[in-house]
Structure formats: C-alpha cells, structure tokens
There are 4 protein chains.
Amino acid sequence: MTVLKKSEVKRAALVKATINLVNNQGFHAAPMSKIAKMANVSPATIYLYFENKQDMINQVYKEVKAEYVAFAFETFKDDLSVEDGFELVWRRMAKYKLDDIEKGFFLSQCENTPMIDVESRQEGVKNLAPLLDLWDRGIAQDIIKPLSHHLLYAFSIYPLAFLLNAHKRGDFKITNTHLNDAYQAAWASIKK
Amino acid sequence: MTVLKKSEVKRAALVKATINLVNNQGFHAAPMSKIAKMANVSPATIYLYFENKQDMINQVYKEVKAEYVAFAFETFKDDLSVEDGFELVWRRMAKYKLDDIEKGFFLSQCENTPMIDVESRQEGVKNLAPLLDLWDRGIAQDIIKPLSHHLLYAFSIYPLAFLLNAHKRGDFKITNTHLNDAYQAAWASIKK
Amino acid sequence: MTVLKKSEVKRAALVKATINLVNNQGFHAAPMSKIAKMANVSPATIYLYFENKQDMINQVYKEVKAEYVAFAFETFKDDLSVEDGFELVWRRMAKYKLDDIEKGFFLSQCENTPMIDVESRQEGVKNLAPLLDLWDRGIAQDIIKPLSHHLLYAFSIYPLAFLLNAHKRGDFKITNTHLNDAYQAAWASIKK
Amino acid sequence: MTVLKKSEVKRAALVKATINLVNNQGFHAAPMSKIAKMANVSPATIYLYFENKQDMINQVYKEVKAEYVAFAFETFKDDLSVEDGFELVWRRMAKYKLDDIEKGFFLSQCENTPMIDVESRQEGVKNLAPLLDLWDRGIAQDIIKPLSHHLLYAFSIYPLAFLLNAHKRGDFKITNTHLNDAYQAAWASIKK
DNA sequence: TATGAATGAGCGTTCATTCAT
DNA sequence: AATGAATGAACGCTCATTCAT
C-alpha cells in the first residue's frame with residue numbers, strides 16, 4: 001500500500017537468500033555479496049535493512065523462530081488436556097519443520113552456533129512460554145516428570161533437530177510412521 | 001622408552017587451539033593465523049601437519065570423536081544385560097563430555113555443520129557400532145522399541161548435546177541429579 | 001561527448017603498472033599488491049577489472065599485442081608491392097616498439113614465457129594474418145623464399161626483440177643507421 | 001675419487017631439476033622445495049651448493065651457456081674460411097639446442113628475463129668471442145656486412161631461439177630441411 | 001655433509017562494509 | 001531508497017631460507 005511495500009519485498013528476498021545460502025554451505029560460505037546477488041539487490045542495499053552481518057543473521061533467526069513458534073501454538077488452546085496440548089504442539093512443530101525444510105534446517109543450524117548472540121537466543125526461548133506453562137501444568141497434575149525445562153526440552157523437542165538434519169542430509173527419510181514413533185518416544189521421555 | 005617427538009607436541013597444541021577457538025566463536029572465527037598464534041607456532045607450521053583448513057578440522061573432529069567413543073566403550077562388555085550396557089555407555093558418554101567440556105562442546109558444534117565432510121562424519125558414525133548392536137539385541141529381546149537407529153539415537157543420546165550447550169553457555173548447570181534424571185528420560189524414550 | 005568513465009582510468013593505470021613492473025623485474029617480481037600500489041588503487045580493486053593474475057597478464061598481453069599489430073598495419077594497403085608492403089610493416093613494427101619501449105619490451109618478455117596461455121598467444125598470432133598473406137603473395141611472385149611462416153618470422157621479425165632488449169638494457173643504442181641496417185638484414189634473410 | 005664426488009652428483013641433480021622445472025612452468029613455478037624434491041635432496045642442502053635462488057639460477061645459466069658455447073666451438077679452427085667457420089659454428093649451436101632441447105629451451109627462456117643478472121649475462125657473452133672474431137675477419141675480408149655484433153647476432157643466431165620455442169611448444173616441428181633453410185636465411189642476412 | 005622441521009614475510013584473493021551518485 | 005564501484009583488513013596458504021641435530 002505504501003512505499004514501504006517495495007522494501008518489504010527486498011527484505012524478504014534477503015532473508016530468504018540468507019537462509020538458503022547458510023543452509024547449503026554454512027555461515028562461512030554465505031558472504032554478503034552472494035546473498036545480495038541471490039536476492040537481486042546491491043550489496044549496499046543490505047545495509048539499508050540490516051546493521052551488519054551479525055545483525056542480519058540474528059534478525060533472520062529471530063524472525064524464523066518467531067514464525068515457527070507462532071505456527072506451533074496457532075491452534076493451541078489452554079483448555080486442552082496436558083497430553084493433547086503437548087501432542088498438538090509437538091506435531092505442529094514437526095509439521096512446520098518438515099513443510100519448510102529450509103527454515104527448519106536453518107533453525108537447527110542456529111541451535112548450536114555461537115553466531116547467534118545471547119540476546120537473540122533468549123528472545124527465541126521466551127516465545128516458548130506457552131509450552132513451558134503446559135509442562136508446569138503437567139508437572140502439577142503429576143502427568144509429567146518434575147524436571148527442569150531444559151531437560152524436558154532436550155528430550156522431547158530437541159531430537160527433532162537431529163532427525164531433520166539426517167533427513168536433509170539424505171541419511172534418513174522421515175516417514176509418517178517415524179513421526180508417530182518419534183512422538184511416542186518424546187512423550188515417553190517426559191511423561192511420569 | 002616413550003619419546004614424544006617435538007612434532008607431536010606441536011600437533012597436539014594445534015589440535016587444542018583449534019578446538020578452543022572454534023568453540024568460542026564458531027568456525028568462521030577461527031582463522032589459521034589465530035590458531036597458529038594460540039599454539040605458539042608459525043602459520044606455515046600448520047601445513048606440516050595438515051593439508052589445509054578443511055583437512056585440519058576434519059582430522060580434529062575424527063580424533064576427538066574416536067577418543068570420545070573409545071572412552072564410552074572402554075569398560076563395556078558384550079555379556080552385560082541390555083539395560084546395564086546402555087546405562088554404562090550412556091553414563092560414560094556423559095562423563096566424557098562433562099569432564100572435558102571443550103571437546104564435548106566441539107563435538108556438538110560439529111554435529112550440524114557442513115564444515116565436516118561426509119566421509120569424516122560416516123567414519124564417526126562407524127565407531128558407534130557396538131551401541132547399535134546393543135540396541136539391536138535389546139530389540140530382539142523385546143526390551144527396546146523396534147525403531148530406526150536414527151530415532152533411538154535422536155532421543156537417547158543427542159539430547160546430551162543440548163544439555164551440554166546450555167551448560168557451557170551458563171544457562172543451566174548440570175548437576176548429578178540432572179544427570180540421573182536425564183538418564184531416566186533417555187531410557188524411558190527407547191525402552192519398550 | 002566522450003565520457004571517460006572513472007573505471008577506464010583505473011583499468012588503464014593497472015595495465016600500465018603491470019607492464020612497468022613486469023618489465024623491471026619479471027613476472028615473479030610483480031605482485032598484485034605492488035601493481036595496486038603503483039596504480040593507486042586497492043588490491044581488491046584489481047579484481048573488479050580482472051578475474052585473477054593470470055587473466056590480467058593475458059588481457060594486458062592481448063591488448064598490447066593488438067595495439068602493436070594495429071599500429072603496424074594501420075597504413076598498410078593490399079595494393080602495395082610485396083617489398084614495399086613488407087618494409088612498411090617492418091618499419092612500423094620497429095617504430096611502435098621504439099616509440100613505446102615499455103610496451104615493446106613487455107611484448108618481448110611475453111614472447112617466451114609460460115605465463116601467457118596458449119589461447120592468448122594464438123589470438124596474438126591471428127592478428128598477424130595480413131603479414132602472412134603478404135608473405136604468401138611474395139612467395140607466389142617468387143620474390144620471397146618459399147619457407148614456413150615460422151622461419152620467415154624468426155629471421156625477419158623476431159630479431160627486433162633482441163635489439164630492443166639490448167637497447168633497453170643499455171648494451172646497445174639503436175640508431176637510425178642501425179635501423180636501416182636491420183631492415184636490410186631482415187629483407188635479405190627472406191627475399192629470394 | 002674424493003669426497004667431493006658425491007656432492008658433484010647432488011649438484012648436478014639440482015642443476016638438472018632446476019632446468020626441468022623452469023622449463024615447464026617458468027621461474028615462478030620452480031620453488032626451491034620442488035627443485036629439492038626432484039633432485040632427491042633436502043631443501044637445506046641446496047644452500048650448501050648455492051648462495052640463494054638468484055645465485056642458483058645464474059650459476060645454472062652460466063654453466064649451460066658455457067657448455068653450449070664449448071660445444072659450438074669444439075671443432076672450430078681459426079684456419080677455416082669465414083663462411084665455413086660460420087656454418088660450422090651455427091650448425092653446432094643448432095645441434096646442441098636440438099639434441100638437448102631442455103637445455104636449449106632453458107637458454108632461450110633466460111635470454112629475455114630480468115632474472116639473470118647483468119654480470120652473468122656479460123659472462124655469457126664473453127664466451128662468444130671466437131664468433132665475434134670470425135665476424136670481424138669476415139668484415140675485414142668484405143664477406144660479411146660491416147654491422148654491429150648485436151645486429152649480426154640478432155639476425156643470424158637469435159632466430160634459433162624462436163624456432164626452438166615453437167618446436168618445444170609443439171607449434172612447429174624442426175626438420176632437417178627447415179634447418180638447412182634456416183642456415184641459408186641466417187647466412188643471407190649477414191653476408192655481404 | 002646433510003637433513004627434516006620450522007619459520008616470518010609475503011603471496012593472490014575475498015570479505016564485510018562504505019562512498020559517491 | 002538504491003546502487004555499482006571501491007576499499008582496508010584479513011583470509012588461507014606458499015615461499016625462500018635457516019636452525020638444530
């Protein structure tokens with residue numbers, strides 16, 4: 001509607017190009033010049049939208065993470081039972097990552113790298129609040145083991161990243177059966 | 001008479017420096033010049049021990065991975081029951097990573113990065129054979145769920161990487177209790 | 001309106017610097033950094049105009065060679081007699097090299113070096129076509145010895161390079177008399 | 001016979017390796033380490049025989065040049081007629097270069113490069129004294145044109161370098177007929 | 001005499017970033 | 001808002017040379 005619209009297009013192209021390039025060869029093989037070329041803009045244009053490369057990576061991370069979490073919780077409602085709620089969220093997380101492998105893989109790569117700064121990572125975690133609340137409810141109801149959120153996350157959510165990586169590398173094809181098995185394993189690991 | 005050739009000392013210093021620098025800032029922030037400086041050698045010396053940077057990273061990865069797996073299986077015996085065997089290996093894996101956080105974290109970082117080439121990764125996986133055999137035995141004995149090795153690994157072993165990263169980042173202190181809880185979760189996720 | 005884009009100025013400066021440095025110390029003593037400095041640009045700027053050092057040398061060679069040949073044939077016409085045509089071209093070749101000793105010497109240095117790739121050299125030779133045609137005409141008219149073009153070139157044109165080198169080195173000053181003598185020798189060597 | 005003998009072998013191997021490598025890719029592609037490897041000695045050993053790379057190249061040049069000239073004049077006698085003497089020397093020069101193409105090509109490459117220092121080049125020229133004397137005799141006898149030695153050399157000897165280069169590059173195969181033609185051209189260019 | 005290990009300096013090249021328009 | 005040209009700094013790596021034995 002406004003003049004800004006055009007810029008949104010360019011920004012989106014830059015974000016997409018960044019994800020694409022980082023995925024294919026890692027951060028070190030995603031130079032600004034290539035990102036610019038893939039997004040069909042001048043290198044200088046990048047700096048109209050982002051402060052620098054660090055900032056760009058972090059913004060892209062935060063955006064994708066936010067989109068991911070939003071999708072995961074979109075149909076979630078507080079009145080669901082703990083188990084139903086967890087399964088719903090878990091399956092939507094898996095769905096998001098499998099439906100948009102590029103973004104899913106990008107998130108996985110960011111999970112362990114020091115390129116994402118502390119603040120961005122914390123902001124990413126904050127979005128998970130509804131899940132943590134659900135876990136706390138489950139713990140209170142004696143349905144879920146009374147463990148640290150870190151442990152619950154490590155065993156029920158984090159494994160998806162590994163499966164996705166193996167899937168993307170071609171080592172392992174995630175079928176529907178695998179997905180069901182995986183959910184069962186996730187739930188088994190945290191349920192009381 | 002064990003003679004430590006000077007070269008082995010330098011090589012070890014280089015390996016250590018590589019792990020250290022990669023851990024602190026990621027691969028892209030571990031230039032050869034810094035690695036050399038940290039290892040107290042000339043940049044040119046690196047190339048007496050490694051073909052190039054790629055080769056260096058991969059060799060370091062393979063060495064650490066081999067050491068890690070060797071440690072994990074050191075006291076393992078085939079006549080252990082499936083559950084005892086798994087717990088033994090799991091706890092030694094955790095112990096290795098916690099005792100030498102630097103190496104543990106380095107392995108985590110390597111898990112997802114495209115800097116490690118396919119061949120090195122596969123060699124790393126090959127070392128896990130005894131664990132896979134144990135799982136197969138467990139499946140045959142109806143003790144462990146009949147799942148793909150990828151799934152078993154994702155839920156019972158991979159979560160350790162997440163906990164270690166959080167620990168290293170200072171988000172989360174891994175206590176003995178956590179470790180026991182974690183083992184319970186790992187076992188719960190794969191046991192029938 | 002002839003607009004000299006800034007870039008053409010820089011490119012020309014780079015070409016000039018390359019010729020200059022290669023002449024003074026040979027290819028191995030003409031590092032990109034020195035070339036950049038002499039041309040008053042950043043090292044990185046070179047790569048906006050040339051793909052790499054090889055490409056640069058070859059482009060410079062081809063340009064100078066083309067300029068040289070263009071000059072040599074500028075006033076040549078097909079209706080000249082064989083002898084007049086040859087003398088004209090020969091003298092203009094000599095004039096070009098003596099008027100711009102730097103370029104002349106550069107061409108000499110390129111004549112024998114493996115730094116010039118096969119393709120560039122062949123392109124350089126292609127430009128000589130009118131001279132080869134003239135020789136063929138001379139052979140047909142029984143004015144010139146029926147020799148391979150290589151032989152005709154070796155004895156009538158190539159010697160200029162030697163004289164130029166000696167001149168540049170200061171061993172030998174090429175006077176007008178020398179030039180006339182040289183032409184006589186060149187003609188004597190190929191005329192029937 | 002003496003201890004020196006062994007070193008002569010190594011020295012000779014180094015000289016040969018230098019010629020070989022310089023020929024194949026030019027000076028810039030003949031690093032000391034490769035030369036050492038090809039001569040089956042340690043890089044450090046080179047410095048027992050030569051002061052540094054410059055010195056090495058120059059010594060090799062001087063040696064080959066001396067050998068070449070010695071061969072050329074070996075059967076030459078002062079009582080030969082000017083024309084017979086010239087033909088004899090010319091043909092032996094050609095023979096040397098064609099019989100040992102490696103050395104012949106090496107000399108050609110040295111002819112124009114600034115890598116050979118002034119002193120070495122002059123020493124190379126000094127060896128040609130008998131030829132220059134012959135020319136002077138020819139001039140006195142009114143058989144040869146009264147030209148500067150530089151001119152006589154440029155037209156009667158230097159062309160061989162061009163033919164050899166073309167031959168080595170594979171552009172042009174020097175046959176016996178070509179050789180005879182070449183001699184005729186050489187003589188024609190300088191004879192009165 | 002001879003070496004393999006080691007090196008500082010410097011190579012060709014690329015990078016994230018900025019400038020002039 | 002957008003750019004292509006330009007850049008200083010730094011990269012991975014190689015070189016001629018020296019050192020310890």
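Residue numbers start from 1 in every chain, and the chains themselves are labelled A, B, ... in the order their sequence lines are given, proteins ahead of strands. Basis for what follows: all heavy atoms, side chains included, without hydrogens, waters or symmetry-related copies.
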Original post:
Just by modelled atom types, is the A:Asn58 backbone N or O under 3.5 Å from a matching donor or acceptor in the A:Asp117 side chain?
Top reply: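 Absent.
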
Does [X] have a side-chain nitrogen or oxygen under 4.0 Å from the phosphate oxygens OP1 or OP2 of [N]?
{"X": "D:Lys37", "N": "E:dG4", "value": "no"}
{"X": "D:Tyr49", "N": "E:dA2", "value": "yes"}
{"X": "D:Thr45", "N": "E:dT3", "value": "yes"}
{"X": "D:Lys10", "N": "E:dA2", "value": "yes"}

Atom pair distance, as rounded to whole Å: [atom1] in [X] and [atom2] in [N]:
{"X": "D:His28", "N": "F:dT14", "atom1": "NE2", "atom2": "P", "result": "14 Å"}
{"X": "C:Leu48", "N": "F:dT3", "atom1": "CG", "atom2": "C1'", "result": "14 Å"}
{"X": "B:Asp55", "N": "F:dC13", "atom1": "CG", "atom2": "C1'", "result": "14 Å"}
{"X": "B:Ile46", "N": "F:dC15", "atom1": "CD1", "atom2": "C1'", "result": "16 Å"}
{"X": "B:Asn40", "N": "E:dG8", "atom1": "CG", "atom2": "C1'", "result": "15 Å"}
{"X": "C:Leu21", "N": "E:dC11", "atom1": "CG", "atom2": "P", "result": "11 Å"}

As an exercise, state the distance from [atom1] of [X] to [atom2] of [Y], rounded to the nearest 0.5 Å.
{"X": "B:Gln109", "Y": "B:Ile57", "atom1": "CD", "atom2": "CD1", "result": "9.5 Å"}
{"X": "A:Tyr68", "Y": "A:Leu107", "atom1": "OH", "atom2": "CG", "result": "7.0 Å"}
{"X": "C:Tyr47", "Y": "C:Asp55", "atom1": "OH", "atom2": "CG", "result": "10.5 Å"}
{"X": "C:Glu119", "Y": "C:Lys62", "atom1": "CD", "atom2": "NZ", "result": "5.0 Å"}
{"X": "B:Asp100", "Y": "B:Glu67", "atom1": "CG", "atom2": "CD", "result": "7.0 Å"}
{"X": "D:Thr18", "Y": "D:Phe27", "atom1": "OG1", "atom2": "CZ", "result": "10.0 Å"}

Original post:
Pairing of DNA chain E as dot-bracket, 5' to 3': ( ) intra-strand, [ ] crossing, | other strand, . unpaired, with Watson-Crick or G-U pairs under 3.5 Å?
Top reply: .||||||||||||||||||||

**OP:** Indicate yes or no: at least one non-hydrogen side-chain atom of B:Leu48 is less than 4.5 angstrom from one of B:Lys10.
**Re:**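 No. Closest side-chain heavy atoms not under 4.5 Å.
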
Subject >> 5' precedence on DNA chain E between C:Lys34 and D:Val41 (nearest-nucleotide basis) >> reply: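 Checking each residue's closest nucleotide, the 5'-ward one belongs to D:Val41.
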
Hey, can you pull the donor-acceptor pairs under 3.5 Å for the side chains in residues 35-42 of chain D, sequence neighbours left out?
unit_1, atom_1, unit_2, atom_2, d
D:Ser42, OG, D:Ala44, N, 3.1

Subject >> Protein proximity profile, nucleotides 16-21 of chain F - base contact B, sugar-phosphate-only contact S, no contact -, cut-off 4.0 Å on heavy atoms >> reply: SBBB--

